[in-house]
Amino acid sequence: MAMVLEAALIEQLRRQEEDAFTLVYERHKTQIFNYLYRLSGDWELAGDLTHDTFLSAYESLPKLRPDSNIAPWLYRIATNRFRDLLRRRRVINWLPWTDGPASEARLAVTGGEETLSERESVKAALASMKPEYSTCLVLRLAEGFSSEETGAILGISAEAVRMRLSRARVMFKAAYEIAESGEHDDGL
Amino acid sequence: MTMVCDVVALSRYLDGELPPEQYRAVAEHVVACAPCRAELTALREINRLMVDWGSRNVPLPIDAANRTRAEIGRRARFPRLLALSRASSAAVGTAAAALLLMVTMNLAPLYQSISASPPPRVQTRTPELQQITERYQLKHNLESMLIHSPPPVWPVQRRHTSLPD
Ligand SMILES: [Zn+2]
């Protein structure tokens with residue numbers, strides 16, 4: 001029954017029917033918004049990116065495959081929107097992404113406080129990472145997708161996800177330690 | 001069975017994503033190797049932090065949701081109109097040029113309006129432009145980080161001091 005309903009939903013989506021898409025939006029908006037917040041650490045930005053994600057999704061409905069899974073499809077669009085934004089931001093801020101986690105300019109944004117809370121440190125550490133690594137870490141560990149599912153969202157193999165996750169953990173660990181010792185970086 | 005320290009293997013071990021025959025090898029190594037035990041503890045802590053980071057869901061702000069609902073409704077009702085307005089804006093050279101300028105300047109607030117109705121012509125040109133800008137800025141940024149010597153004295157300044165009063 002549920003399968004039949006999903007198939008009917010996909011059919012309506014492919015015809016760009018408004019109610020079908022409204023259902024998708026209402027079902028997934030919180031999930032996608034929180035995913036984008038976990039990546040960006042910025043509520044307002046996450047709200048804007050969520051808006052963009054669903055509008056992009058709406059525009060690409062006619063290209064939706066009949067056997068598509070809605071959630072991974074939305075995650076994929078959201079991930080792309082996030083990556084696009086970082087590319088643009090890099091131009092504005094003149095901030096090149098480094099291979100290593102050290103990025104004092106980013107951490108300085110959260111600096112000035114006495115101590116950073118655990119979540120603030122997680123946020124800062126993720127923000128200092130290249131998006132291909134932060135998305136992998138967040139999808140796999142925070143969103144709880146399997147390596148196969150994460151691979152489908154990122155457009156890489158499950159094996160590539162495992163390799164990338166291992167590197168992402170090493171990067172995150174170093175970045176998190178820097179964030180934890182937060183105030184020291186203020187003088188830079 | 002012997003095994004060298006291997007952080008990738010530890011990561012897979014933790015995720016339950018090793019080939020069956022390798023679990024024992026990793027477990028044996030970890031028991032014998034203090035650095036890998038410490039690494040594994042750190043990896044588990046990262047898992048805990050990330051699970052915690054993913055555990056809290058907050059609702060999307062209501063005004064943001066209303067904005068999206070309204071835009072979806074508009075696009076559903078006026079798909080032709082939208083396509084038409086896109087075609088015309090692409091035809092008008094000045095509008096395209098203005099948008100191109102906006103994209104290059106990359107003003108964050110404008111990001112929304114650009115992505116809402118991108119004229120095809122502008123869209124195809126921006127990535128190249130951004131790449132060039134990026135490369136240029138990256139180079140400059142790297143140079144400014146590498147050069148620690150005092151700034152050079154410009155000829156203009158020298159000429160100035162040697163000018164007779
Ligand atoms: Zn070892």
Side-chain angles (χ1 to χ4, degrees), chain A residues 16-19 21-22 25-26 29-35 37-38 43-48 50-52 54-56 58-59 81 84-85 87-92 94-96 118-119 121-123 125-126 137-138 140-144 147 158 162-163 165-170 172-173 176, chain B residues 6-12 14-15 17-18 39 42-43 45-61 63-65 67-69 71-73 75-77 79 103-109 111-112 115-116 126-127 129-131 133-134 137-142 144-145:
Chain A
Q16 253 181 334
E17 286 184 17
E18 187 183 353
D19 295 327
F21 192 72
T22 297
Y25 179 69
E26 298 305 328
K29 65 181 192 304
T30 307
Q31 193 181 10
I32 294 299
F33 171 64
N34 280 274
Y35 168 57
Y37 172 67
R38 281 169 200 134
W43 291 120
E44 209 171 317
L45 202 70
D48 286 350
T50 305
H51 179 78
D52 269 17
F54 281 95
L55 291 187
S56 296
Y58 181 80
E59 292 301 331
R81 293 286 79 77
D84 290 349
L85 178 84
R87 244 174 252 141
R88 285 201 197 87
R89 264 200 168 175
R90 189 163 64 167
V91 177
I92 311 170
W94 292 29
L95 264 180
E118 193 177 276
R119 279 181 175 159
S121 297
V122 169
K123 205 200 281 187
L126 287 172
L137 203 62
V138 169
R140 192 65 188 73
L141 302 179
E143 303 294 318
S147 294
R162 290 180 196 113
M163 295 301 294
L165 181 65
S166 167
R167 278 203 74 190
R169 278 174 165 140
V170 173
F172 178 86
K173 186 181 157 198
Y176 184 80
Chain B
D6 179 356
V7 72
V8 177
L10 290 179
S11 185
R12 286 166 186 245
L14 188 69
D15 296 331
E17 290 189 312
L18 274 179
E39 186 63 30
L43 293 180
E45 174 64 4
I46 292 170
N47 272 16
R48 187 191 66 75
L49 288 169
M50 292 308 296
V51 168
D52 174 68
W53 188 232
S55 67
R56 190 179 48 160
N57 258 351
V58 297
L60 176 68
D63 54 331
R67 185 162 57 106
T68 308
R69 289 187 191 109
E71 181 60 25
I72 291 165
R75 291 190 186 197
R77 270 176 279 277
V103 173
T104 13
M105 288 169 76
N106 241 307
L107 303 169
Y111 164 60
Q112 214 60 47
S115 62
T126 355
L129 204 89
Q130 280 188 348
Q131 270 175 14
T133 325
E134 250 172 55
Q137 289 171 343
L138 188 73
K139 183 169 162 275
H140 268 249
N141 204 351
L142 285 177
S144 69
M145 289 195 309

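In what follows, chains are A, B, ... by sequence order, proteins preceding strands, each numbered from 1.
- Using a 30° and 60° split on the angle between ring planes, A:Trp43 and A:Tyr37 fall in the parallel class, below 30°.
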Report the C-alpha distance between B:Asp52 and A:Arg119 in whole Å, list the side-chain angles of each, state the deciding distance to 0.1 Å, and finish with yes or no for salt bridge (charged side-chain N to carboxylate O under 4.0 Å, His left out).
CA-CA 8 Å; B:Asp52 174 68; A:Arg119 279 181 175 159; 3.1 Å; yes

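- Taking 4.5 Å as the limit, some side-chain heavy atom of B:Trp53 sits within range of a side-chain heavy atom of A:Lys123.
- Neither the backbone nor the side chain of A:Ser56 comes within less than 4.5 Å of any heavy atom of chain B.
- Contact annotation for B:Ala65: both backbone and side-chain heavy atoms come within less than 4.5 Å of a heavy atom of chain A.
- Each of A:Arg140, A:Gln16, A:Glu17, A:Met163 has some count of heavy-atom pairs under 4.5 Å with chain B, and the biggest count is that of A:Arg140.
- Between the side chain of B:Thr68 and the backbone N or O of B:Ala64 there is at least one donor-acceptor pair closer than 3.5 Å.
- Note on B:Ile46, B:Leu60, B:Leu10: by heavy-atom pairs under 4.5 Å with chain A, the leading option is B:Leu60.
- Neither the backbone nor the side chain of A:Ile32 comes within less than 4.5 Å of any heavy atom in chain B.
- The shortest side-chain heavy-atom distance between A:Leu141 and A:Arg169 falls under the 4.5 Å cut-off.
- Between A:Phe33 and B:Pro61, the closest side-chain pair of non-hydrogen atoms falls below 4.5 Å.
- Residue with the most contacts toward chain A among B:Asp63, B:Val7, B:Val58, B:Leu14: B:Val58 (heavy-atom pairs, distance under 4.5 Å).
- Residue contact with chain B, scored on non-hydrogen atoms closer than 4.5 Å, is absent for A:Gln31.
- The candidate with the highest count of non-hydrogen atom pairs below 4.5 Å against chain B, out of A:Ser147, A:Gly144, A:Ala158, A:Ala142, is A:Ala142.
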